[in-house]
Amino acid sequence: MTMEFTDRLTRVEPSATLAISALATELENDGADVVDLSVGEPDFPTPQNVVDAGQDAMDAGHTGYTTSAGIIDLREAIVDKLADDGLEHTTDEIIVTPGAKQALYEIIQALIGEGDEVALLDPAWVSYEAMVKMAGGDLTRVDLSTSDFQLEPALDDLTEAVSDDTELLIVNSPSNPTGAVYSDAALEGVRDLAVEHDITVISDEIYKEITYGVEPTSLGTLEGMADRTITVNGFSKAYSMTGWRLGYFAGPEELIDQAGKLHSHSVSSAVNFVQHAGIEALENTDDAVSEMVEAFSERRELVVDLLEEHDVDVAVPDGAFYMMLPVDDDDQAWCEGAIEDAHVATVPGSAFGTPGYARISYAASEERLEEGIERLADEGYL
Ligand code: PLP
C-alpha cells in the first residue's frame with residue numbers, strides 16, 4: 001500500500017533542535033562525552049512543592065478528564081498571573097493546553113487557512129514556520145540579525161513586510177533563539193502596524209519570567225492591542241516543567257470558542273493532576289524561579305566572557321537562556337563538525353531562518369559550559 005501525505009506536511013522539516021538532541025544521544029550511547037548546548041530546557045528539577053502538589057492531586061483522585069478548557073481553579077490562577085502582567089482576561093478567555101506548543105498549534109490552526117500570510121521575526125523559534133505551513137499559510141520573514149536581533153532598528157523592514165494581506169504576526173520576547181527582549185518602542189511599532197493593517201498578533205511570552213535586569217512588556221497591555229493579541233505562556237521554562245506538558249493561551253472569546261473546538265476534539269484537556277500542580281507553580285514558586293534565573297544570569301556572563309577571550313562577540317541576551325554564536329556561512333556544516341569533532345551540540349541558525357549562526361543554550365552547568373567552549377576552541381571552531 002502506498003500512503004499519500006499532504007503537501008502541507010511533507011514540506012515541513014522535523015524539529016532541528018530535537019534532531020540535534022537525538023544525534024547527541026546517539027553519540028553518547030556510543031560512549032562519547034557530549035557537551036549538550038542544544039537543549040531548550042532548564043537543567044533544574046521541578047520545584048519540590050510542585051511535584052508534591054501533583055502527587056497529592058493524583059492521590060486525591062484527580063486523574064479523570066477535566067473541563068476541556070482546563071480546571072477553573074487553574075484558569076483563575078492564570079487570570080491572576082496575567083493581571084500581574086497588566087493583562088485583563090476572564091476565565092472564559094483562557095484555554096489550558098498540554099504545553100505552549102499545543103497552544104500555538106491550536107491558535108494557528110484556528111486562524112490560518114490556505115494562502116493566508118503570517119509574518120515572523122527572524123531568527124524565529126523553529127515550530128512557528130512548521131505550524132504555519134501545516135495550516136497551509138505562507139510566510140513573510142523579517143531579518144533581525146543585522147540589528148543585533150533587536151526589533152526597534154528593524155521596524156522599517158517590518159513596515160515594508162506587512163500589509164493588509166497579513167493575517168497574523170508572531171512576536172516572541174524574550175526570544176528563542178536570541179534571548180532578545182524587545183523594547184517598548186519596538187512593541188509600540190508593532191501595535192501601530194497591527195492596528196493599521198488589522199493584524200492579529202500572537203505574543204509568545206514563554207520566557208517572560210527569565211530575564212536579566214529588564215522587565216518585558218506584554219504586548220496585549222498596549223492601547224489598541226487587547227482585542228487583537230493572543231498571549232501564549234507555559235510552565236516548561238519558568239518552573240522547569242518541560243515534561244509535565246502544561247501551557248495556555250488567552251485571547252478574545254470568539255477565538256477561544258473556535259480554537260476550543262479543535263482543542264476538545266484533539267486533546268480533550270491537559271492532564272488533570274498536572275493542572276493541579278500548575279496552580280502551585282503559579283502561586284508558590286517565587287524563590288525557586290529567582291534562584292534559577294540568578295544561576296542563568298551568572299552562566300550568561302560566564303559564556304559571554306569566555307567567548308570574548310576567544311575574540312568572539314555576541315549580542316548579549318536580556319532573557320531566556322540562549323545566545324546566537326556567529327559561525328561560518330554554512331552553519332549546518334559548522335554544527336555537524338562541532339558535534340562530530342568536539343562533541344559539542346549546538347543548533348544551526350538556519351533552522352531558525354538565520355544562517356551563519358549557531359544557537360547555544362546555557363541551560364548547562366558552568367563546568368560543562370567551560371568544557372564546551374574550550375573544546376570548540378581547541379578544535380578550531382572559535
Ligand atoms: N515557544 C517557544 C519560543 C519555545 O521556545 C518553546 C519551547 O521550546 C515553546 C513555545 C513550547 O514550549 P512547551 O510546549 O514546552 O510549553
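As the structure lists them, so they are numbered: ligands from 1, and atoms in each ligand from 1.
The protein heavy-atom contact nearest to atom 7 (C) of ligand 1 is K237 NZ, 3.1 Å. The protein heavy atom nearest to atom 11 (C) of ligand 1 is K101 N, 3.6 Å. Protein heavy atom at the shortest distance from atom 4 (C) of ligand 1 is W125 CE2, 3.5 Å. The protein heavy-atom contact nearest to atom 14 (O) of ligand 1 is R245 NH2, 2.7 Å. Residue, atom and distance of the protein heavy atom nearest to atom 1 (N) of ligand 1 are D204 OD2, 2.6 Å. Nearest to atom 12 (O) of ligand 1 among the protein's heavy atoms is I206 CD1, 3.4 Å. Protein heavy atom at the shortest distance from atom 16 (O) of ligand 1 is A100 N, 2.7 Å.
Remark: ligand 1 and N172 share no N or O pair separated by less than 3.5 Å (distance only, no angle test). The distance criterion of under 3.5 Å between nitrogen or oxygen atoms is not met by G40 with respect to ligand 1.
The cluster map of Ile, Leu, Val, Met, Phe, Trp and Tyr, joined by side-chain heavy atoms under 4.5 Å apart, puts L158 and L168 in different clusters.
With ligand atoms numbered from 1 in the order given, ligand 1 contributes 14 (O), 16 (O) to contacts under 4.0 Å with heavy atoms of G99. Those atoms of ligand 1 with a heavy atom of Y128 less than 4.0 angstrom away are 3 (C).
Residues R191 and E223 form a side-chain contact, since some pair of their non-hydrogen atoms from C-beta on lies under 4.5 Å apart. In this structure, V314 and P326 have side chains that are in contact, with non-hydrogen atoms separated by less than 4.5 Å. Between Y128 and N172, the closest side-chain pair of non-hydrogen atoms falls below 4.5 Å. Contact of the T178 side chain with the F352 side chain is not registered, since no non-hydrogen atoms from C-beta on lie closer than 4.5 Å. The shortest distance between side-chain heavy atoms of I202 and I107 falls below 4.5 Å. Using a 4.5 Å heavy-atom cutoff, the side chains of V267 and Y105 are not in contact.
Rounding to the nearest 0.5 Å places CD1 of I373 at 5.5 Å from CD1 of I360.
The backbone N or O of L111 sits nowhere less than 3.5 Å from a side-chain atom of E167 that would complete a donor-acceptor pair. Of the possible donor and acceptor atoms, one in the side chain of H263 sits under 3.5 Å from a partner among the backbone N and O of S68.
Within the 4.0 Å heavy-atom cutoff, Q102 does not count among the residues contacting ligand 1. Heavy-atom distances between S236 and ligand 1 reach below 4.0 Å in at least one pair. Look at E41 and you'll find every heavy atom at least 4.0 Å from all atoms of ligand 1. At least one heavy atom of Y207 sits under 4.0 Å from some atom of ligand 1. Not a single heavy atom of T242 sits less than 4.0 Å from an atom of ligand 1. For the pair Y105 and ligand 1, no heavy-atom separation below 4.0 Å is found.
Heavy-atom contacts from other residues, nucleotides or ligands closer than 6.0 Å to CG of D7 number 12 or fewer.
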